[in-house]
Amino acid sequence: KVRTVEDLYGMKELTVAGQTTYFKLENDIDLSGIDNWTPLNTDDNNPFTIDFDGNGKTIRNLKCTDVEGASFFGKISGCIHDLTFENAAIKAETVAINMAVVAYNIGGIEEQSRVRNVVVRNSSITVADGCSSVNQAFVSVYSENTAFENVYVEKSNNMTLNPADDGQAGGLVAVVNKISTFNRCGNAADIIGEKHKGVAGIVGRIYKGDISECWNTGAITGNEDVAGIAGSFGDVKEGLDTRTHTIMNCYNRGKISAIGQRIGGIVGTLYNSTDLMYCYNVGDVVAKVKLSSGKTDGRCIGGIVGHACNGAGGWNYNSPNGGGVNRLISCHVFSQLIMSDTSGTTSARPGSGVIIGFAHLYNTYKGCYRAPWYGNNDPSATGLDISRTQYPEAIPVDQEDSTPESPLQAFDKGKTTAAGTISGIGDTNYSSPYHGKITDKTTVSALVQSLGGDIAWDSAIWDFSGDTPTLKNNHER
């Protein structure tokens, strides 16, 4: 039983290597009397395997500054459940550190670790101006073989990162290195990390895993690989992966902003062997910036995905042997604005579309729709603002469903659209954006209720009573 701060620090001495030790929090704990908390376990070689039963209690006023692995638990495996963290303040003022409220690293043992029914409330993570940065998250910096369920980062939290260099950041987790799953989780906190590459409401960068029934309503700002749910998703570290990963039944309502490229409402960069299904975005996706040279560089902007690769990544868009095929099924965009501006550059096209900005031709695309205000081959339609006269391919047009056997048709050099003739870059063709098909329905709920077959949405999962669907078992907080 844990009742005091002394009991917390004494837990490690009670653990036994190779075993899971159970601890139960008997009452709320206030850490306001500790100016700079030392994480419970700072030894990366000690898994500190415990079952920490928060018993519905709250740990308040955690303060941790300039401590590597800054967090409450530090390195941990096992289970953390039924626990709330409130009024935590995690800071990097002078040194580069990994930072989170709950833990520095969760998992890393053969048996799956679990985090469930955990809430972070009214807390802040701050990297001071000019301080070097690593990775940041409200729940855990790193995750390895961990299942997250019913984990929430509430609106009252704030993450402001002003580092001298980049890193990854997530509402729940910054980086997933080994297979982890996120089920019925949500982020409502704003995250500001203009130099970060891999920023999102749920997870900044996930190499292997699954995400289901999750949402983001926070405003997310980053540099590259920025999105509402996952900044980048897929295995690029260990070559091609035969396992199919999934993002299903998720949505984004927060504004996604970036100063770079690969920006999406749901995923920034989608690598190989991933099914992205039954998702929607109503948040604006905007990349419009000026570089130090005075040029702008906002590319691969999509309402659902910024850059949808096929294989190990890169800019090859038309190779049938790119690797594991992604599938995008029944994903829809009803945001008011998707904006990309590369008008100040001479070598970059926006690569931006209503559904996907940079779409590999040999992925599978089926039953994806855009709101009626994006128009169909209409240069005067609102919604997509991508230097229309300079880039005719940015005019949304209906595109047929496609498969690897019958691939998506590219907007090739020399093709004439309503806005003019596509020029290409040098002697090359332009890789295709994916705009999906236009719908006459004016709300997401009206659209998805009209769909049938394998693009129909499950009424046991979704509540369609409002203009935008909500998850029946995962309410916004």
Side-chain angles (χ1 to χ4, degrees), residues 56 58 81-86 88 101-102 115-125 137-139 148-159 169-173 181-192 199-204 210-221 226-231 247-257 264-267 276-285 303-304 331-336 371 443-449 457-477:
T58 300
H81 58 99
D82 302 294
L83 181 63
T84 296
F85 287 85
E86 189 174 277
V101 172
V102 181
V115 180
R116 69 174 191 272
N117 304 327
V118 171
V119 176
V120 179
R121 174 182 300 140
N122 197 32
S123 297
S124 63
I125 294 178
F138 283 105
V139 179
F148 297 84
E149 185 172 8
N150 298 324
V151 179
Y152 301 101
V153 176
E154 295 187 349
K155 180 66 177 176
S156 56
N157 299 287
N158 178 264
M159 186 184 299
L172 272 70
V173 175
T181 61
F182 299 83
N183 182 41
R184 298 176 182 171
C185 299
N187 172 69
D190 294 344
I191 299 175
I192 302 172
V199 187
I202 301 299
V203 54
D210 302 294
I211 303 175
S212 62
E213 296 184 48
C214 292
W215 50 261
N216 174 70
T217 59
I220 310 296
T221 302
V226 185
I229 300 299
I247 302 177
M248 297 179 64
N249 299 307
C250 296
Y251 67 90
N252 173 66
R253 294 202 300 107
K255 181 178 181 180
I256 311 300
S257 305
I266 301 296
V267 180
L276 180 53
M277 308 168 71
Y278 315 115
C279 297
Y280 76 87
N281 173 46
V282 295
D284 291 347
V285 182
I304 296 293
C331 293
H332 315 296
V333 175
F334 276 69
S335 55
Q336 295 298 312
T443 68
V444 182
S445 289
L447 167 64
V448 297
Q449 288 182 94
W457 286 34
D458 190 343
S459 60
I461 294 175
W462 292 97
D463 178 353
F464 304 119
S465 60
D467 288 346
T468 55
T470 55
L471 294 161
K472 287 185 174 179
N473 296 309
N474 186 3
H475 300 293
E476 293 179 16
R477 304 172 67 99

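- Taken from CG in N150 to CG in N183, the straight-line distance is 7.0 Å, to the nearest 0.5 Å.
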- Message: Quick one, F334 with T468, criterion side chain to side chain contact (heavy atoms under 4.5 Å, CB included). Give me CA distance, side-chain angles, the key distance, then yes/no.
- Response: CA-CA 9 Å; F334 276 69; T468 55; over 6 Å; no

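- Taking CG of D458 as the start and CE of M248 as the end, the distance is 9.0 Å to the nearest 0.5 Å.
- Side-chain atoms of T84 do not come within 3.5 Å of backbone N or O of T58 as any donor-acceptor pair.
- In this structure, K155 and D190 approach most closely via the heavy-atom pair NZ-OD1, 3.1 Å.
- By the 4.5 Å heavy-atom criterion applied to side chains, Y251 and L471 are counted as neighbours.
- A donor atom on one side chain and an acceptor atom on the other are found under 3.5 Å apart for D463 and S465.
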- Item | side chain to side chain contact (heavy atoms under 4.5 Å, CB included) between N249 and M277, worked out | CA-CA 7 Å; N249 299 307; M277 308 168 71; over 6 Å; no

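- The two residues L172 and F182 come nearest to each other via the heavy atoms CD2-CD2, 4.1 Å.
- If you check the side chains of D467 and S445, you find no donor sitting under 3.5 Å from an acceptor.
- A heavy-atom distance below 4.5 Å is found between the side chains of E154 and V119.
- Atom CD1 in I461 sits 9.5 Å away from atom NZ in K472 (nearest 0.5 Å).
- In this structure, the side chains of C331 and I266 stay at 4.5 Å or more apart for every pair of heavy atoms.
- Contact record, E86 with S123: C-OG, 4.0 Å, taken as the closest heavy-atom pair.
- Among V285, I229, I192, V226, the one residue that satisfies the side chain to side chain contact (heavy atoms under 4.5 Å, CB included) test with I220 is V226.
- Summarising the geometry of V282 relative to R253, their closest heavy-atom pair is CG2-CG, 3.5 Å, with the distance given to 0.1 Å.
- Atom OH of residue Y152 and atom SG of residue C214 lie 8.5 Å apart, to the nearest 0.5 angstrom.
- Relative orientation of the Y278 and W457 rings is perpendicular, given thresholds of 30° and 60° on the angle between their planes.
- Without hydrogens or angle criteria, N187 side chain to G171 main chain gives no donor-acceptor distance under 3.5 Å.
- Annotation: side chain of V139 is in contact with side chain of F148 (closest heavy-atom distance under 4.5 Å).
- A distance-only check finds no donor-acceptor pair linking the side chain of D284 to the backbone of S335 [under 3.5 Å].
- The two residues I256 and G228 have their closest heavy-atom pair at CD1-N, 3.6 Å.
- The two atoms that bring C279 and I247 nearest to each other are SG-O, 4.0 Å, heavy atoms only.
- Summarising the geometry, atom CG belonging to D210 is positioned 7.0 Å from atom OG1 belonging to T181; distances are rounded to the nearest 0.5 Å.
- At distances below 3.5 Å, not a single donor-acceptor pair connects side-chain atoms of N157 with backbone N or O atoms of A189.
- Between E476 atom CD and N216 atom CG the span is 9.5 Å, to the nearest 0.5 Å.
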